[in-house]
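Numbering of ligands and ligand atoms starts at 1, following listing order.
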Amino acid sequence: MNLFNYNALPINVHFGAGRLKETASILQEYGYQSVLIITTPEQEQDGQKLATQLGELCVGVYPKAVMHVPVEVANQAIAEAGRLGVDCCLALGGGSTIGLAKAIALKTALPIVAIPTTYAGSEMTTVYGMTENRLKTTGKDPKVLPKVVIYDPELSLTLPAKISACSGMNAMAHAIEALYAQDKNPIIQLMAIESIRALSEALPQIVQDPHNISAREKATYGAWLAGICLGSVGMAIHHKICHTLGGTYNLPHAEAHAISLAYSVHYNRNADVEAMTKLAQALGGEDHTQVGQLIYALNQKLNIPMALKDIGLPEDGPQTVARIVCDSPYYNPRAYDYPELEALLQRAYQGLPPQ
Ligand code: NAD
């Protein structure tokens with residue numbers, strides 16, 4: 001066995017359908033007494049319901065989280081947390097909401113309790129992001145890592161089928177890239193494979209019936225494991241492509257991940273044969289050369305957008321993205337080849353199978 005390092009991040013997880021009801025006692029268990037609930041405007045009502053449930057433990061709901069954490073939004077939220085004198089931020093929502101709580105924590109060192117309602121995985125990482133003058137910068141800081149995470153799969157029942165599928169494929173992308181990460185290790189690989197299996201079983205069931213609670217439980221479990229992967233090891237070409245699609249063209253985060261994943265893994269299919277064979281097997285195939293087609297077929301089953309042009313990439317996008325990716329690459333197990341990457345991104349633009 002090769003040498004490896006493994007560092008577990010210190011997060012307390014409470015998992016299971018219906019656990020939202022325990023939020024007050026969980027907060028008390030950790031000593032939090034005056035909590036600010038953060039949500040998006042769309043999830044404000046859920047935040048208000050939780051506030052009522054928490055009674056005196058909650059001092060307010062701040063329903064202003066938006067995608068990519070604009071710095072003005074972060075500054076207003078930091079001021080509000082200071083004005084209210086809270087001792088904890090409770091993020092109820094997806095990556096955007098948790099992102100705003102992280103921006104507050106970065107400045108104030110306030111602890112975060114996260115209650116995720118999508119599969120994006122931010123709650124398991126020390127990564128924060130902020131946007132100023134249309135430029136998103138990211139960084140890592142242990143201060144932004146949630147202290148406590150409550151995973152209640154019932155909260156995802158309201159997430160529409162298409163968003164669930166894309167968000168689930170966003171999670172799967174974290175697990176897949178962990179398989180061939182520069183700092184991969186056997187523990188994270190076990191979690192990654194378990195995550196890929198759980199997500200690939202659960203997502204088609206959710207698309208058929210978004211109210212299938214056992215599928216929701218399995219997807220939440222898979223997403224948690226994928227979040228651990230994202231928080232533990234470095235990502236590669238796929239995440240670089242998606243950060244470029246989001247940063248340069250403002251494409252929707254989960255959809256961009258879902259569509260591009262088939263092409264990224266196809267690009268890497270021969271680069272780490274052991275990892276790609278494990279991936280093929282977890283997806284129900286056998287051969288490492290099939291991985292791109294297996295993800296493409298899964299996306300077809302999930303009925304999600306298949307082409308980058310359908311989610312807003314302009315015609316010259318593939319060349320520009322390939323150029324940016326090759327000029328400022330992340331680690332990848334295979335060297336960056338501009339013509340091949342551009343040709344693959346052209347296929348992703350059209351929604352054609354990777355080949
Ligand atoms: P999101 O948080 O932007 O949510 C999308 C929409 O879905 C919002 O309107 C939200 O209110 C709504 N929503 C969320 N859960 C719902 C539910 N259960 N029912 C109904 N509506 C619901 O989407 P996301 O994909 O979770 O997060 C994307 C953002 O997170 C991006 O900015 C991305 O960069 C960031 N992110 C960060 C990390 C990290 O480690 N820092 C990891 C993953 C994603």
Side-chain angles (χ1 to χ4, degrees), residues 9 11 20 37-47 49-50 61-70 73-74 91-103 105-106 112 114-131 136-146 149 151-175 177-178 206 210-211 213 216 219-220 223-224 226-235 238-240 242-247 250-258 304 311:
L9 292 175
I11 312 171
L20 183 72
I37 297 176
I38 317 276
T39 69
T40 58
E42 296 80 18
Q43 290 179 288
E44 181 176 2
Q45 271 199 345
D46 300 324
K49 240 197 264 174
L50 182 59
V61 176
Y62 195 77
K64 295 188 184 171
V66 291
M67 189 88 109
H68 304 315
V69 197
V73 174
L92 174 68
S96 299
T97 303
I98 295 168
L100 182 55
K102 284 179 165 182
L106 185 67
I112 299 174
I115 308 185
T117 62
T118 70
Y119 304 128
S122 175
E123 67 282 357
M124 286 290 132
T125 81
T126 58
V127 179
Y128 61 87
M130 234 174 291
T131 308
K136 186 166 179 174
T137 47
T138 58
K140 277 188 173 189
D141 194 310
K143 280 205 293 286
V144 308
L145 186 72
V149 177
Y151 282 110
D152 183 344
E154 284 179 4
L155 298 177
S156 57
L157 291 172
T158 48
L159 198 62
K162 190 185 114 190
I163 302 179
S164 301
C166 292
S167 188
M169 292 307 289
N170 179 191
M172 192 182 291
H174 308 328
E177 293 237 288
I206 289 171
H211 292 99
I213 186 65
R216 290 291 188 179
T220 306
W224 166 37
I228 297 175
C229 293
L230 179 68
S232 301
V233 294
M235 296 286 116
H238 172 72
H239 281 72
K240 178 65 194 180
C242 291
H243 290 162
T244 309
L245 291 170
N250 205 23
L251 296 197
H253 179 80
E255 283 92 330
H257 266 278
I304 58 181
I311 61 164

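In this structure a side-chain-to-backbone donor-acceptor pair under 3.5 Å is missing from S167 to S164.
Ring geometry, H239 versus H257: the interplanar angle exceeds 60°, so the pair is classed perpendicular (tilted spans 30 to 60°).
When each of I11, I98, L9 is checked for a side-chain contact (heavy atoms from CB on, under 4.5 Å) with M124, only I11 meets the rule.
At a heavy-atom cutoff of 4.0 Å, ligand 1 is surrounded by T40, E42, Q43, M67, H68, G94, G95, S96, K102, T117, T118, A120, S122, T125, V127, K136, L155, S156, T158, L159, L230, H253.
Using a 4.5 Å heavy-atom threshold, the side chains of E154 and I213 count as touching. Within the 4.5 Å cutoff, the side chain of L92 has heavy atoms near those of the L155 side chain.
In this structure K143 satisfies the salt bridge (Lys or Arg N to Asp or Glu O under 4.0 Å) test together with D141, sequence neighbours excluded.
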